[in-house]
Amino acid sequence: MGNAAVPAYLGADFSQASPGLRFGLFLPLWEADSYTVRTDSKRAAWNSVKALTPADLKLMRALAQRQ
């Protein structure tokens, strides 16, 4: 699988980041050396970020309740 296009000091585990950040900024699609999109790992990258965590679901329920 590819890498997220972020500085190394941020690490590589973005599983607890917000869904928007996981899909946008932290999407692991990039070659580390050239930052070109790895076409062979698009499906794997999508599968790694599409699942909602229990914290995401809790936040969504709280938002719906406030509305």
Side-chain angles (χ1 to χ4, degrees):
M1 185 167 2
N3 299 310
V6 296
Y9 66 82
L10 288 178
D13 180 21
F14 303 115
S15 60
Q16 298 303 311
S18 72
L21 285 175
R22 287 193 313 258
F23 178 72
L25 185 62
F26 301 148
L27 190 63
L29 273 182
W30 308 96
E31 286 285 346
D33 55 347
S34 64
Y35 286 106
T36 56
V37 174
R38 291 187 55 165
T39 56
D40 61 333
S41 64
K42 285 183 179 181
R43 178 68 59 189
W46 172 247
N47 287 335
S48 73
V49 300
K50 71 178 183 180
L52 295 174
T53 66
D56 296 334
L57 297 171
K58 182 179 176 183
L59 286 170
M60 288 171 30
R61 282 192 294 272
L63 175 62
Q65 188 176 27
R66 287 192 305 269
Q67 288 177 338

Report task. Would you list the pairs meeting ring pair (Phe, Tyr, Trp, His ring centres under 6.0 Å) in which at least one residue belongs to residues 47-67, sequence neighbours left out? Result -> none
Using a 3.5 Å cut-off and no angle test, enumerate the donor-acceptor pairs between side-chain atoms of residues 59-67 and protein atoms at least two apart in sequence or in another chain.
none

Query raised in the report: ring pair (Phe, Tyr, Trp, His ring centres under 6.0 Å): which pairs involve residues 44-67, sequence neighbours left out?
Result: Phe23-Trp46
Report task. Taking side chain to side chain contact (heavy atoms under 4.5 Å, CB included) as the test, write out the residues that go with Asp56, two or more places apart. Result -> Pro19, Arg22, Leu52, Thr53
Requested in this report: Scan residues 48-67 for pairs that pass ring pair (Phe, Tyr, Trp, His ring centres under 6.0 Å), counting only residues two or more places apart or in two chains.
Outcome: none
